[in-house]
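For reference, the structure discussed in these notes is given below.
Values below: every heavy atom of this structure, side chains too, minus hydrogens, waters and symmetry copies.
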Amino acid sequence: MFSLDNIKIHKGHSDYFLNEINQLKSRIYGSSASLIDINSEYYKSNIKTVFLLEFNSTIIGSAILFFNSDIQIFNQSTYLLGAFEIQFDYMDLAPYFIRNIENEAFILGAKYILGPLNGSTWFDYRFKIKSEALNFPGELNHSDFYSQLWLENNFKIFNTYTSQIQFDINPQSLDLNYTKSIFNEKIIIKNKDIELEEALKLIYPLLMNSFKGKEFFSSISLRDFIRLNLRLESFIKDEYFLMAIDENSNECVGFLMAYPNLFDLNKKGLVIKTLARKNSLKWAGLGYLLSERILKIAQSKNFDYLIHAHMSSN
């Protein structure tokens with residue numbers, strides 16, 4: 001047991017607090033730490049309170065309460081809990097820390113607390129429920145024991161997501177005869193052949209149209225969307241970035257982004273991160289055509305498997 005005499009909880013809102021969180025993340029995860037972009041005004045725009053847990057003059061835990069009016073549970077005031085970290089040796093202090101965060105949220109008017117969520121789903125989110133679940137880039141970097149820790153401290157699972165592995169990389173496994181018979185639109189499916197910023201401008205309206213109304217969707221400006229995703233420039237490869245362009249309007253009506261599973265050092269895997277099409281029956285079947293194309297690419301590159309990432313159970 002730890003004596004409360006040696007424990008302090010600091011609350012604030014400044015970059016100093018965010019830098020302290022980054023230092024804590026670096027101590028916990030080393031070189032693989034996913035750090036907060038201190039210069040991201042979009043990340044900071046929804047912050048209400050930053051918490052630092054101090055024990056014996058050392059920061060050993062952190063959390064941030066966010067408020068995003070676009071995200072509500074049952075149309076009630078919902079605060080978001082993100083940037084949660086606590087060093088394993090001090091996990092016995094987690095209930096005390098979480099109670100203080102809860103109290104602050106309810107003082108601010110929260111009816112519900114939802115997490116882990118760093119202000120919006122445009123940032124990585126979701127805990128793994130099982131520690132042995134597959135790891136791949138694009139997931140929230142967190143300690144394996146966090147999900148169980150939260151479940152033991154008043155949180156309940158609101159939604160679950162599954163990621164499926166496909167070992168049969170065979171484009172002919174998709175029956176596209178019916179799709180092609182009803183799909184009469186003139187489109188071009190091509191790999192990204194322009195600068196990433198220009199590609200982001202093309203897919204932005206599509207993603208806003210496709211995701212609007214989905215669970216936990218929140219609006220983001222084109223400016224913030226570009227800034228958020230430009231940091232991935234070295235990570236995104238043109239050959240795995242597919243755009244379906246309507247020949248009549250030159251509009252991007254479908255989009256697929258994939259990337260190699262760099263965490264797997266034994267086999268060659270490709271992660272299908274995002275697949276979206278314009279929300280209209282006119283474009284029904286376009287997702288299958290994009291899937292066929294990425295299967296052909298994966299087969300030609302001798303990938304061993306594909307991961308279809310984060311499909312909501314809802």
Side chain Asn209, main chain Asn279, donor-acceptor under 3.5 Å:
yes
Under a 3.5 Å distance rule, please check whether Thr274 uses its side chain to pair with a backbone N or O of Phe255 as donor and acceptor.
no
For Asn250, I'd like to know if atom CG has over 12 heavy atoms of other residues, nucleotides or ligands within 6.0 Å.
no
Using atom types as modelled and distance alone, determine if a side-chain donor or acceptor of Ser77 lies under 3.5 Å from a backbone N or O of Gly109.
yes
So, the side chain of Asp70 versus the backbone of Phe217: is there a donor-acceptor pair under 3.5 Å, distance only?
no
May I ask you to decide if Tyr43's main-chain N or O and Asp37's side chain share a donor-acceptor pair within less than 3.5 Å?
no
Would you indicate whether the side-chain heavy atoms of Leu242 and Asn191 approach each other to under 4.5 Å?
yes
Would a distance-only check, ignoring hydrogens and angles, find a side-chain to backbone donor-acceptor pair under 3.5 Å from Tyr146 to Ile86?
yes
Are any side-chain N or O atoms of Asn22 and backbone N or O atoms of Ile36, one a donor and one an acceptor, separated by less than 3.5 Å?
yes
Around Lys268, counting heavy atoms of other residues, nucleotides and ligands shown, do more than 12 lie under 6.0 Å from its NZ?
yes
Kindly state whether the ring of Tyr125 and the ring of Phe216 have centres lying under 6.0 angstrom apart.
no
Closest heavy-atom pair and its distance - Met243, Leu202
SD-CD1, 4.3 Å
